[in-house]
There are 4 protein chains.
Amino acid sequence: MIMKKLTRAQQKALRPIQILDAAFEEFIEKGFSAARVEDIASRIGVTKGTIYVYFPTKEEIFSAMVRHIAVPFEAVHTNELNGSCSEQLRSLLLLCYEHILGDRRTRELLRFAISEGIRFPELIDTHYQELVEPILERTQAIIDEGVRIGEFRSGTAPFARVIIAPFVAMMVDVLILGDNRDLGVPLYIQSHLDFVMHGLAVSETSGSVE
Amino acid sequence: MIMKKLTRAQQKALRPIQILDAAFEEFIEKGFSAARVEDIASRIGVTKGTIYVYFPTKEEIFSAMVRHIAVPFEAVHTNELNGSCSEQLRSLLLLCYEHILGDRRTRELLRFAISEGIRFPELIDTHYQELVEPILERTQAIIDEGVRIGEFRSGTAPFARVIIAPFVAMMVDVLILGDNRDLGVPLYIQSHLDFVMHGLAVSETSGSVE
Amino acid sequence: MIMKKLTRAQQKALRPIQILDAAFEEFIEKGFSAARVEDIASRIGVTKGTIYVYFPTKEEIFSAMVRHIAVPFEAVHTNELNGSCSEQLRSLLLLCYEHILGDRRTRELLRFAISEGIRFPELIDTHYQELVEPILERTQAIIDEGVRIGEFRSGTAPFARVIIAPFVAMMVDVLILGDNRDLGVPLYIQSHLDFVMHGLAVSETSGSVE
Amino acid sequence: MIMKKLTRAQQKALRPIQILDAAFEEFIEKGFSAARVEDIASRIGVTKGTIYVYFPTKEEIFSAMVRHIAVPFEAVHTNELNGSCSEQLRSLLLLCYEHILGDRRTRELLRFAISEGIRFPELIDTHYQELVEPILERTQAIIDEGVRIGEFRSGTAPFARVIIAPFVAMMVDVLILGDNRDLGVPLYIQSHLDFVMHGLAVSETSGSVE
DNA sequence: TATGAATGAGAGTTCATTCAT
DNA sequence: GATGAATGAACTCTCATTCAT
């Protein structure tokens, strides 16, 4: 089963992906400027000259890497969400959390948007298009439906952003503290869901709060 | 009133601060690695050499700058919050929002924590100690009190983090998109507050939601 | 008549020549150092590797190219020159001018001698042996004969070099300005010939000039 | 009298000139592409970083060097030429020859025009403006006057270029062979002058030559 | 205190050359 | 014979840092 040697053609098709994966790690650790092309090369056991066979500049490596990791968060659209609107929203949020904790790529895209967005504006667009907007749209759709059928109370406009916010905040925590530390994620998620459900619920006693 | 010439002593006391302010701007725009000591110097009309009179290395400039901008978010502790727990929480959150929109320093500290935290671990500590923890503690205190006196429902533990989250998410948006774009902040804040109040309210009908 | 496919043997025999022709163009445009082996290859629709099948180093390509283009200026010896010595000289000079304007190879050899002669001393020898000396010898022979039979006046020694000089100067102009610009060549040639004839003529009034 | 140490200010004013002089030598020996910035630096005992304090790119060093060496050949205009037109022309040509043999700068400018003119078009302009045109203009002026007063015969138009040509051809010889070889310059000059005088002389016997 | 010329250790990039396919 | 992926040495250019003035 072990195939140490790939054919030339296989190797060639693989190289750009290997490079971008290696670049991903280096850029995360060092940032764009501090990352060295040679270190990217070392990670996959080639010399820096090889990198330049596939990409003309370090900038291009970075941009290509962003495109490489920014796979659209399709699950958010394709996943069939069942049950009441509450249940759908709950499923959607859980889907998001799984996505962070499992997929560094999407999470690190946020880091790049924050740290390199000024120099790579495309990054910002990519981040919003691939991650933020899909989630916001789906969320808002569920809320709207919930409000329409009377399952959720009607309220102030940009609800979706607020409802999604704890998920974003957790991404930030993971980015800063790393995913090996215990951030109390399960309890946090529970709290988030609990809160969302209460916040959206049609309640009689809430009239006087605001 | 115009004081064109400062005494030498004043000048001397001022320089480090000028440098750190200039460094702050450069590090935001370029990041630690890409920022040039010479550009920091240019911003205050001196030359490279002068910077090294006050700081031994670029690393030191960065660290000192972080300490310089990370003024503890004291308002969060000193401000007298009046009224019911709801009102106090509301005041606290509004205080936070004012803090983002008015004070780039605290906001950019978050950027540095995300972008340079790996290389400057102190940054992470600073960010949590100066910004995150004070807010969380005060928030939690209010919630606890609210629960104790029956104003808020009792719920799952890390409530404070969830309640603060929309504020964090907005910081991230401002970091990524800049503060000159219209991010719909007033409405967002209203939505956040509205949501928090409903989520914490003691409601009768919410029993079946989760 | 159309021969799209050459036999392998023909192809093989052709390649080195194709390469040297392509190399000639590249070396003219860029000079030895700046010319890229890959660009030479592109010109004939092959890849770098192919070049190295035929030539071991870039230096060798250059040297071989020089040998390739430095076809001895045989016309200058073989051409039967008829008529008086004046007429012969006139024919010889016209032959040289045709040679410049029609044949870039010889002309560019001069460029290489000037620009790369220091690093490729053989170039200098080649240039003198293939171009300069044949012309000088033939010229001097005609002059000597003219002087001997009293058709030309006798004069100072290195006449041939001086007589040939305008032709050299025109080569230089073409090298510098390119052969697409109008350099007034026909008139220049006329002037050159006119001048040579007067300069060599046995005159009575010229005694006092020097 | 020996001053090993110059003041800072003196040193600084000197540096660019030192660099350009060193660059001149390197560019002559190696050509633009093959010349190394580090070698230019070594020649004046500094490191390559120093070069970049004064010039932003190698291209700029080259261009600045060309401007540096291309001092207009003013002697050709300012020198008072006395005597008959023949004598003036003779003096002018001798002036040119002195200029080649004494001043490498002007001579090497011709080499650069030939070898790097394609990539640095300004070089060509400079060479013509600073060297070629001044000589041609002055020469033509003398010829015209000589013709006007009947000292020279009238002839075909671009006489000046032809008359100057032997001087150009000798420059080329020196460029190719170096100025340490014995090129028989004195005799060549004598022959050139002799030829020019005969070629321009008003002669009775020359009618049948062309 | 401030300067800025000089340094030198890199970093990005290029390209002649090799060699397995 | 032809390819082109890979190499690695070399080169240009950058910039944090030093230090004499």
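Every heavy atom of this structure was used, including side-chain atoms; hydrogens, water molecules and symmetry mates were not. Protein chains get the first letters and strands the later ones, always in sequence-line order, with residue 1 at the start of each.
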Self-check item: Euclidean distance, atom CD of residue B:Glu26 to atom P of F:dA16 [Å, nearest integer]
Solution: 11 Å
Quiz item: So which one's nearest nucleotide on DNA chain E is more toward 5', C:Glu59 or A:Gly49?
Solution: A:Gly49
Quiz item: Of the candidate nucleotides F:dT12, E:dG12, E:dT3, which contains the atom at the shortest distance from the side chain of A:Arg36?
Solution: E:dG12
Quiz prompt | Touch class at under 4.0 angstrom, heavy-atom based, for D:Ala41 against every strand present | solution = nothing
Self-check item: DNA chain E: 5'-proximal contact among A:Pro56 and B:Gly45 (nearest heavy atom)
Solution: B:Gly45
Practice problem: Would you please indicate if the ring centroids of C:Phe112 and C:Phe32 are separated by under 6.0 Å? | Solution: no
Quiz item: For A:Thr50 and F:dA5, is the shortest distance between a side-chain N/O and OP1 or OP2 below 4.0 Å?
Solution: no
Self-check item: Nucleotide forming a Watson-Crick or wobble pair with E:dT13, both distances under 3.5 Å
Solution: F:dA10
Exercise. Find the distance D:Ile51:CD1 to F:dC15:C1' and express it as a whole number of Å.
Key: 17 Å
Quiz item: Do you see a donor-acceptor pair shorter than 3.5 Å between the side chains of A:Arg36 and A:Ser42?
Solution: no
Practice problem: Could you let me know what E:dA6 is paired to, Watson-Crick or G-U wobble, both distances under 3.5 Å, or none if it's on its own? | Solution: F:dT17
Quiz prompt | Validation row: D:Ile40, D:Glu25 side chains within 4.5 angstrom (heavy atoms) | solution = no
Quiz prompt | Residue D:Arg15, side-chain heavy atoms: nucleotide from E:dT3, E:dA6, F:dT7 that is nearest | solution = E:dA6
Quiz item: Whole-Å distance between F:dT7 C1' and A:Ile19 CD1?
Solution: 14 Å
Quiz item: Tell me: CZ of D:Phe32 to C1' of F:dT12, nearest whole Å?
Solution: 10 Å
Quiz item: How long is the line joining CD of C:Glu60 and P of E:dT18, in whole Å?
Solution: 13 Å
Quiz item: Once you round it to whole Å, what is the distance between C1' of F:dA5 and CG of A:Leu14?
Solution: 14 Å
Exercise. Please determine, for the side chain of A:Val46, which listed nucleotide (F:dT7, E:dA6, E:dT1) has the closest atom?
Key: F:dT7
Practice problem: Could you tell me which non-hydrogen atom of C:Phe55 sits nearest to which non-hydrogen atom of C:Glu60, and how far apart they are? | Solution: CD2-O, 4.4 Å
Quiz item: For E:dT17, does either OP1 or OP2 sit under 4.0 Å from a side-chain N or O belonging to C:Tyr52?
Solution: yes
Practice problem: Give the rounded distance in Å between these two atoms: CD of C:Glu38 and P of E:dT18. | Solution: 16 Å
Self-check item: Under 4.0 angstrom between B:Thr47 side-chain N/O and E:dT3 OP1 or OP2
Solution: yes
Quiz prompt | From F:dA5, F:dA16, F:dC13, nucleotide with atom closest to D:Lys58 side chain | solution = F:dC13
Exercise. Return the value, rounded to whole Å, for the distance between atom OH of D:Tyr54 and atom P of F:dT12.
Key: 20 Å
Quiz item: Hey, does A:Thr126 have a side-chain heavy atom less than 4.5 Å from the side chain of A:Arg67?
Solution: no
Self-check item: Side-chain heavy atoms of C:Ser33 within contact of D:Lys30, under 4.5 Å
Solution: no
Quiz prompt | C:Lys48 side chain near F:dG4 phosphate (N/O to OP1/OP2, under 4.0 Å) | solution = no
Exercise. Just call it for A:Ala34: base, sugar-phosphate, or nothing, with non-hydrogen atoms closer than 4.0 Å on any strand.
Key: nothing
Exercise. Check every atom of E:dA5, E:dG12, F:dA16 against the side chain of B:Val37 and return the nucleotide holding the closest atom.
Key: F:dA16
